[in-house]
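These notes are about the structure you will find just below.
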Amino acid sequence: MIRVPHWLNRLRRVRRPGTPRGPRAKVWVPYLLVALIAVASLTGLTVSPDEESRRGRADYVVVAAAAGLRWEDLDPRRTPALWQEATQGSVGWLSVRSAHAVTCPSDGWLTLGAGNYAAWDTRAVTGRCPPAEPELTQPDGFGANVVDQRTVVRTNQERLPYGTTPGALAESVRCTVAVGPGAAIAAARPFGRVDRYLPELPDDPAPLLGQCVLSIVDLGTISGSGAERQAAVAAADAVLARVLAARPERSLMVIAGLSDTERTSRLHVAIAEGEGWQGGWLTSAGTGRDGYLQLVDLAPTVLSALGRPSPEKLFNGYAATVSDGRPSDPAEAMQGNHDADQRSIAQRGVAEIFFTVLAIVQFLLFVAVVPVLVRARRHAGPAAPPLPPPRLVALAEAALIAAGLAIPAALLADLAPWWNSTHPAWIFGSATGAIMVAGTLLIRLTPRYRETLWPMAAVSAIGATVIAVDLLTGSRLQLNGVAGYSAVYGVRYAGLGSVGLGVFVACLLLLAGCLAQWVSRRWRPVVIVFFGGIGVVMVGSPYLGADPVGAIAVTAGVCVAAALSTGGWLTFPRLAWATVAGLAVTAGFAALDLSRLPLEQGTLGRFLTALGNGTAGPAMQRAAAANGQALLDSPLTLLALAGTLMLLFCQFSPWGGLTRVYGLHPAVRAGLAGTAVATLIAGVFGGTAVGAAGAAAAAAVPVAVLTALRVLVHAADRTPPPGETDGPGGPSLRKSDEDPVVVI
């Protein structure tokens with residue numbers, strides 16, 4: 001005998017004893033609704049906002065670059081030429097990722113000329129980067145030859161997984177001019193020839209800059225700090241001023257800080273100034289974020305401005321475009337509180353501390369909860385150990401709720417400019433802790449807190465809502481955020497990161513599982529697929545999550561969750577149904593992505609295009625290498641391992657209550673199974689190994705353990721008088737004499 005509230009009777013369609021059966025829904029109706037939801041999800045992926053971007057044209061392009069130049073180096077008095085160009089032109093943060101772990105000046109210049117990730121050599125960098133000093137010969141006194149160019153080409157094509165051809169940019173134009181040793185590396189053709197070369201800018205550079213459609217000028221190397229750095233920046237600004245005074249008419253000026261000078265990676269200067277490039281943000285299809293550009297985007301930008309096609313299969317970047325909305329003052333746009341470089345520096349250190357501490361704290365919390373679970377274990381016979389004290393149970397529940405809210409709280413903490421403080425880690429930790437406490441109190445003080453699944457549903461709803469709102473507002477909390485991704489690494493600049501994906505999938509599927517428990521068994525797949533469809537659109541839309549691989553993974557997880565939501569095992573018919581549904585959605589997703597313009601395609605469309613033309617091999621090698629590195633280096637691996645072990649102990653140990661939870665709430669088991677499938681697929685194919693699974697475990701495992709504890713504490717086998725319990729794991733921990741008695 002179980003007491004069930006009146007409202008729950010109606011929602012679960014429980015028939016009270018003695019009442020006639022009502023009309024039954026058609027068997028095919030749930031399946032029809034599932035199909036309609038899937039179609040609606042695919043349709044939602046085609047919706048795109050109206051975006052205006054522009055790209056100028058030019059008869060000449062002059063690239064003036066300085067290794068190590070950052071936005072903090074610019075000043076209206078000390079660097080007037082740079083400041084003038086930043087004021088008049090379009091600006092952005094330049095990510096200088098190359099094929100080398102540390103992009104030193106030679107790597108940056110080579111990547112500029114290749115239009116793809118390149119490395120001058122494969123030697124490890126210790127301390128400061130060596131200067132760009134290639135060995136040059138000038139047999140005719142007009143051009144030059146880079147002696148090591150053929151060796152460099154073989155290194156990039158045979159030993160590195162990017163299929164890079166150094167010199168591809170120079171091969172795409174009739175002739176090039178190079179001034180300075182670094183510019184010679186960028187302007188050299190694959191066999192080493194530099195068409196026109198001078199070691200320094202002549203007194204009158206106008207005739208030189210008008211000889212070829214592409215001129216590349218080395219402004220020097222910006223390194224060190226204090227007066228040494230300011231002197232180097234002033235010297236570069238003086239050279240730039242002479243270039244600006246002599247530039248040809250209808251020319252595009254591209255100014256870039258194209259490499260690092262030390263082992264620490266930074267964001268650098270990117271400016272484009274010319275007709276059609278005034279006063280906006282630089283962006284590209286490769287970043288999908290206004291104000292962010294990659295080093296590999298510069299070569300396609302040069303050719304696009306000149307009206308020339310990019311060499312097929314050789315370039316990895318995309319031509320830059322200009323979007324509006326930039327503040328007119330460069331200081332307001334790129335410095336102070338808007339200094340993304342400074343924020344990314346703080347983000348790297350704080351993120352490592354945060355996830356390491358989170359992994360340790362969750363592991364210790366699971367160890368501390370084990371004795372509570374053991375004491376709450378059901379025992380046969382009238383004599384049994386006493387239940388854990390209510391205060392201890394309440395404390396354990398509060399700690400588990402707070403642990404489940406840790407990553408959503410870390411995302412919200414990025415609303416405050418903690419990176420500008422003297423002690424960013426302490427400020428961030430304090431803000432995150434305060435949000436965790438506030439969220440725990442909010443869940444604890446709600447009237448429905450005593451319901452068995454309420455904490456899990458509430459934590460999941462908060463986590464999914466935080467990430468969904470962030471995606472709808474431009475993913476501002478994830479960019480350079482502790483629980484997001486850093487633009488310095490050159491992997492992701494917009495949309496949903498691996499941490500956000502793991503938390504979003506876990507919270508969405510657990511919330512769907514909790515809600516599905518309140519409807520009849522036949523309609524549970526509809527609830528799962530409804531929320532899963534929302535997740536596919538949020539994750540896969542190039543204008544929201546921008547993660548097609550993640551969307552395919554979510555589709556697979558949703559199919560598995562829907563198949564298991566009615567209870568029972570994952571039988572072959574269920575697996576076949578889930579596989580067919582997943583393949584259908586994936587094929588539809590791929591068709592939609594391939595139907596877009598090349599510059600609008602997502603990761604899936606680009607990969608399928610590369611697979612068709614035979615250039616997908618390097619991408620697969622890079623993903624495999626990234627998986628190995630992420631598996632060993634990321635604290636998320638510890639979170640995934642700790643969460644997996646805790647779930648296994650809770651399911652297979654005598655004191656574990658997870659098997660009991662699965663029996664009473666099969667839709668919750670479906671949500672957990674779908675989360676595991678989705679996050680593992682997303683991690684393996686996305687190059688983050690178990691990164692997404694670790695983030696999902698951080699959000700899902702604490703509330704799963706909490707639910708198991710509640711079911712154990714609420715077990716009705718301690719010989720209480722009949723009628724004084726809701727039964728094992730029933731819908732609520734509360735009892736009311738007014739609730740009707742229903743036989744189940």
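Note: hydrogens, waters and symmetry copies are ignored here, and every other heavy atom, side chains too, is used.
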Return the minimal non-hydrogen interatomic distance between Leu647 and Ala704, and the atom names on each side.
-> CD2-CB, 4.1 Å
Ignoring hydrogens and geometry, is there a side-chain-to-backbone donor-acceptor pair from Ser565 to Ala667 under 3.5 Å?
-> no
Non-neighbouring partners of Leu641 that pass side-chain contact (heavy atoms from CB on, under 4.5 Å), sequence neighbours left out | Leu645
Heavy-atom closest pair (Leu501 atom, Gly550 atom, distance to 0.1 Å) is CD2-CA, 4.1 Å
Between the CZ atom in Arg522 and the OG1 atom in Thr566, the distance rounded to the nearest 0.5 Å is 11.5 Å
Just by modelled atom types, is the Leu706 backbone N or O under 3.5 Å from a matching donor or acceptor in the Glu397 side chain?
-> no
If you measure from CG on Leu508 to CE on Met538, what distance do you get to the nearest 0.5 Å?
-> 9.0 Å
Residues Gln517 and Leu453: closest non-hydrogen pair is CG-CD1, 3.9 Å
List the steps and the verdict of side chain to side chain contact (heavy atoms under 4.5 Å, CB included) for Val393 and Arg375.
-> CA-CA 11 Å; Val393 174; Arg375 291 187 61 179; over 6 Å; no
Audit row: Ile401, Tyr449, side chain to side chain contact (heavy atoms under 4.5 Å, CB included) steps and yes/no = CA-CA 12 Å; Ile401 291 173; Tyr449 176 74; 3.9 Å; yes
Reference residue Phe355; test side-chain contact (heavy atoms from CB on, under 4.5 Å); the match among Leu638, Val499, Ile360 | Val499
Between Ala673 and Val560, the two heavy atoms sitting closest are CB-CG1, 4.4 Å
Considering only distance and modelled atom types, tabulate donor-acceptor pairs under 3.5 Å from the side chains of residues 438-446, sequence neighbours left out.
residue: Thr440; atom: OG1; partner: Met436; partner atom: O; Å: 2.8
residue: Thr446; atom: OG1; partner: Ile443; partner atom: O; Å: 2.7
residue: Thr446; atom: OG1; partner: Trp454; partner atom: NE1; Å: 2.8

Rounding to 0.5 Å, atoms CG (Asp414) and CD (Gln478) come to a distance of 9.5 Å
Could you give the distance from CG (Leu477) to CG (Leu415), rounded to the nearest 0.5 Å?
-> 5.0 Å
Tell me, do Ser475 and Tyr485 make a side-chain contact under 4.5 Å, heavy atoms counted?
-> yes
Check: Leu564 main-chain N/O paired with Arg524 side-chain donor or acceptor under 3.5 Å | no
Between the main-chain N or O of Gly481 and the side-chain N or O of Gln347, is there a donor-acceptor pair closer than 3.5 Å?
-> yes
About how many Å separate CG of Leu664 and CZ of Arg669, when rounded to the nearest 0.5 Å?
-> 12.0 Å
Separation between CG (Leu510) and CG (Leu672), nearest 0.5 Å, reads 5.0 Å
Is there a donor-acceptor pair closer than 3.5 Å between any side-chain N or O of Arg289 and the backbone N or O of Arg492?
-> no
Using atom types as modelled and distance alone, determine if a side-chain donor or acceptor of Gln362 lies under 3.5 Å from a backbone N or O of Leu639.
-> no
Given side chain to side chain contact (heavy atoms under 4.5 Å, CB included), test Val459 with Leu405 step by step and report yes or no.
-> CA-CA 7 Å; Val459 170; Leu405 292 174; 4.0 Å; yes
Specify the closest pair of heavy atoms between Gly532 and Val558, including all atoms of both residues, with the distance to one decimal.
-> CA-CG2, 3.5 Å
Under the 3.5 angstrom rule, does the side chain of Asp470 hit a backbone N or O of Arg476 as a donor-acceptor pair?
-> yes
Between Gly463 and Cys507, the two heavy atoms sitting closest are CA-SG, 3.8 Å
Residue pair Arg343, Leu479: steps toward the side chain to side chain contact (heavy atoms under 4.5 Å, CB included) verdict | CA-CA 10 Å; Arg343 180 175 179 179; Leu479 176 65; over 6 Å; no
Side-chain touch Val466/Ile407, heavy atoms, less than 4.5 angstrom = no
Determine which pairs satisfy ring pair (Phe, Tyr, Trp, His ring centres under 6.0 Å) with at least one residue from residues 391-443, sequence neighbours left out, and list them in order.
-> Phe354-Phe428, Trp418-Phe428
